[in-house]
Novice: 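My questions will all concern the structure given below.
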Amino acid sequence: FNSNIKLPKKFSLIHSQSKQSFTQNKEWKQEGMQDIIDYFDKINWIQIGKSEEPKLKNCKYFFDLPLRELAFIISKCEFIVCYEGFFNHLASCFDKKTFLIHTGFLPIESFKYSNNLIIHNNRKIKCYPCYDLVCEQHQENVKQNLDSEFVLTKIKNNLIQ
């Protein structure tokens with residue numbers, strides 16, 4: 001993989017969208033993910049995920065990767081920013097620092113690993129843990145209680161550069 005995949009010496013990964021076919025209640029906001037890239041503009045960002053997901057600006061794209069290539073890239077990254085789901089679980093196999101944006105769909109105990117820094121403000125979300133696959137109240141609560149400044153501060157305070 002080293003010869004086939006040209007990676008920067010140092011880079012971090014970001015996944016901008018949660019799996020939509022299950023529920024949209026794991027989602028934060030696209031603008032917030034872009035705010036992370038814009039704020040930490042000295043980082044070599046690589047966006048992972050699927051090619052039909054919205055592209056973030058100012059990063060490289062590695063979409064639709066086979067599982068082994070994806071695992072290789074995650075094993076080489078400095079850290080990853082993602083939602084609860086597959087990328088979190090895979091990063092945990094390599095003990096990679098994971099800034100996990102948690103929107104309160106599930107309780108934290110469902111997916112917490114020692115390498116996770118879970119970014120949330122769930123005690124202010126009225127329906128936490130939501131469990132509801134379709135909950136308009138949940139999405140509105142997340143937008144009100146988890147703003148970009150809160151997320152950026154959590155990452156900045158826990159990032160060793």
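All values reported here derive from a predicted model rather than from experimental measurement.
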Novice: Mark yes or no for whether Lys42, through its side chain, and Tyr39, through its backbone, hold a donor-acceptor pair below 3.5 Å.
Specialist: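 No, Lys42 side chain to Tyr39 backbone: no donor-acceptor pair under 3.5 Å.
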
Novice: Under a 4.5 Å cut-off applied to non-hydrogen side-chain atoms, are Phe86 and Leu70 in contact?
Specialist: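 Result yes, sub-4.5 Å side-chain heavy-atom pair found.
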
Novice: Could you list the cluster mates of Tyr61? Members are the ILVMFWY residues connected by side-chain heavy atoms closer than 4.5 Å, either directly or through other members.
Specialist: Phe63

Novice: Is any side-chain heavy atom of Asp95 closer than 4.5 Å to one of Ser114?
Specialist: yes

Novice: Measure the CZ-CD1 distance between Phe11 and Ile43 for me, rounded to the nearest 0.5 Å.
Specialist: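 Reported to 0.5 Å precision, the distance equals 12.0 Å.
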
Novice: Check whether any side-chain heavy atom of Ile48 sits under 4.5 Å from a side-chain heavy atom of Ile80, and report yes or no.
Specialist: yes

Novice: Got more than 12 heavy atoms from elsewhere within 6.0 Å of NZ, Lys112?
Specialist: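 Check passes, neighbour count above 12.
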
Novice: Drop me the distance from Ile118's CD1 to Phe99's CZ, to the nearest 0.5 angstrom.
Specialist: 12.5 Å

Novice: Are the side chains of Ile36 and Ile101 in contact, using a 4.5 Å heavy-atom criterion?
Specialist: yes

Novice: Please check: side-chain N/O of Asp64 versus main-chain N/O of Ser51, any donor-acceptor pairing under 3.5 Å?
Specialist: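 Answer holds: yes.
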
Novice: Looking at side-chain heavy atoms only, is the closest gap between Ile46 and Ile14 below 4.5 Å?
Specialist: no

Novice: Using the side chain to side chain contact (heavy atoms under 4.5 Å, CB included) definition, which of the options Phe40, Phe87, Trp45 pairs with Val81?
Specialist: Trp45

Novice: Search all heavy atoms of Asn2 against all heavy atoms of Lys6 and return the closest pair with its distance.
Specialist: O-NZ, 4.5 Å

Novice: Determine whether a donor-acceptor pair (N or O, by modelled atom type, separation under 3.5 Å) exists between the side chain of Lys57 and the backbone of Gln34.
Specialist: no

Novice: So, taking the atom named NZ in Lys156 and the one named CD in Glu149, what distance separates them when rounded to the nearest 0.5 Å?
Specialist: 9.0 Å

Novice: Return the minimal non-hydrogen interatomic distance between Pro54 and Ser16, and the atom names on each side.
Specialist: O-OG, 3.4 Å

Novice: Please report the interatomic distance CG(Asn157) to CG(Leu117), rounded to the nearest 0.5 Å.
Specialist: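 Rounded to the nearest 0.5 Å, the CG-CG separation comes out at 9.5 Å.
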
Novice: Decide yes or no for Leu13 and Ile74: does some side-chain heavy atom of the first lie under 4.5 Å from some side-chain heavy atom of the second?
Specialist: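 Result yes, sub-4.5 Å side-chain heavy-atom pair found.
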
Novice: Is there a side-chain contact between Ile5 and Phe62 in this structure, where contact means two heavy atoms from C-beta onward sitting under 4.5 Å apart?
Specialist: yes

Novice: Under the 3.5 angstrom rule, does the side chain of Gln47 hit a backbone N or O of Leu56 as a donor-acceptor pair?
Specialist: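 Side chain of Gln47 to backbone of Leu56, a donor-acceptor pair under 3.5 Å: yes, one is there.
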
Novice: Backbone N or O of Lys97 within a donor-acceptor pair of the Glu78 side chain at under 3.5 Å?
Specialist: no

Novice: Just by modelled atom types, is the Lys96 backbone N or O under 3.5 Å from a matching donor or acceptor in the Thr98 side chain?
Specialist: yes

Novice: Which pair of heavy atoms, one from Arg68 and one from Phe1, lies closest together, and at what distance?
Specialist: CB-CZ, 3.7 Å

Novice: How many angstroms lie between CG in Asn4 and CZ in Phe72, if you round to the nearest 0.5 Å?
Specialist: 9.5 Å

Novice: Looking only at side-chain N and O atoms, does His89 offer a donor or acceptor that is under 3.5 Å from a partner on Tyr113?
Specialist: yes

Novice: With a 4.5 Å cut-off on side-chain heavy atoms, are Tyr83 and Leu100 touching?
Specialist: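 Side-chain contact under 4.5 Å: no.
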
Novice: Measure the spacing between CG of Leu90 and OG of Ser92 and express it to the nearest 0.5 Å.
Specialist: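 Nearest 0.5 Å value for the CG-OG distance: 8.5 Å.
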
Novice: Could you list the residues that satisfy side chain to side chain contact (heavy atoms under 4.5 Å, CB included) with Glu31, not counting sequence neighbours?
Specialist: Lys29

Novice: Verify whether one side chain among Asn116 and Asn88 offers a donor that lies under 3.5 Å from an acceptor in the other.
Specialist: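 Yes - a donor-acceptor pair under 3.5 Å links their side chains.
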
